[in-house]
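Structure, as structure tokens:
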Amino acid sequence: MTRTTRPISWIKAARKDFEKFPIEAQTVCLTALTIAAENGKADITKPLKGLGSGVFEIALPWRGNAFRVVYAVQIGDEIWVLHAFQKKSTQGIKTPPHEIELIESRLKKLKEMLG
């Protein structure tokens with residue numbers, strides 16, 4: 001059985017933010033993205049509610065910080081990384097509203113661009 005790995009594409013701003021993560025946190029998140037590219041789902045990944053199906057969030061608690069990577073699996077053949085950010089508060093699991101708005105706007109633009 002051959003495993004198909006989908007390409008992973010990045011919105012430029014998401015890539016830039018991701019590169020600010022500690023290198024160990026980047027490695028863990030990239031592993032989770034690779035699992036997604038192989039049609040799997042890492043333990044630290046969950047659907048991001050309220051954005052329709054196919055949008056997932058990698059939630060990584062890291063040394064008192066929380067890192068998030070949001071990606072979409074239903075746009076074209078690729079997996080698109082929409083956003084990467086450090087969540088300041090580790091209290092409460094909700095993604096801050098301004099982050100959700102940013103993700104929604106990037107998702108919309110991407111769909112229009114690739115539509």
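Residue numbers start at 1 and run along the sequence shown.
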In Å and rounded to the nearest 0.5 Å, what is the [atom1] to [atom2] distance from [X] to [Y]?
X: Glu38; Y: Thr5; atom1: CD; atom2: OG1; answer: 4.0 Å
X: Gln86; Y: Arg68; atom1: CD; atom2: CZ; answer: 10.5 Å
X: Phe85; Y: His98; atom1: CZ; atom2: NE2; answer: 7.5 Å
X: Lys111; Y: Lys109; atom1: NZ; atom2: NZ; answer: 14.5 Å
X: Ser105; Y: His83; atom1: OG; atom2: NE2; answer: 10.0 Å
X: Glu99; Y: Leu82; atom1: CD; atom2: CG; answer: 12.5 Å

Between [X] and [Y], is any pair of side-chain heavy atoms under 4.5 Å apart?
X: Arg15; Y: Val81; result: no
X: Leu110; Y: Trp80; result: yes
X: Phe18; Y: Leu30; result: yes
X: Asn39; Y: Arg6; result: yes
X: Asp17; Y: Lys20; result: yes
X: Ile79; Y: Ser9; result: no
X: Pro61; Y: Phe67; result: no
X: Tyr71; Y: Thr45; result: yes

Is the distance between the ring centroids of Trp62 and Phe21 under 6.0 Å?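 Ring-ring flag for Trp62/Phe21: false, centres at least 6.0 Å apart.
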Any chain of hydrophobic side-chain contacts (each under 4.5 Å) joining [X] to [Y]?
X: Phe56; Y: Leu51; value: no
X: Ile75; Y: Val70; value: yes
X: Ile11; Y: Leu102; value: no
X: Ile44; Y: Ile23; value: no
X: Val55; Y: Ile58; value: no

Would you call Lys46-Glu57 a salt bridge at under 4.0 Å N-O? yes
Strictly below 4.0 Å, N to O, side chains only: are Glu104 and Lys108 in salt-bridge contact?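 Lys108 and Glu104: not salt-bridged.
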Neighbour count above 12 (heavy atom, 6.0 Å) for Lys41 NZ: yes
Nearest heavy atoms of Ala84 and Ala14, plus distance in Å: CB-O, 3.7 Å
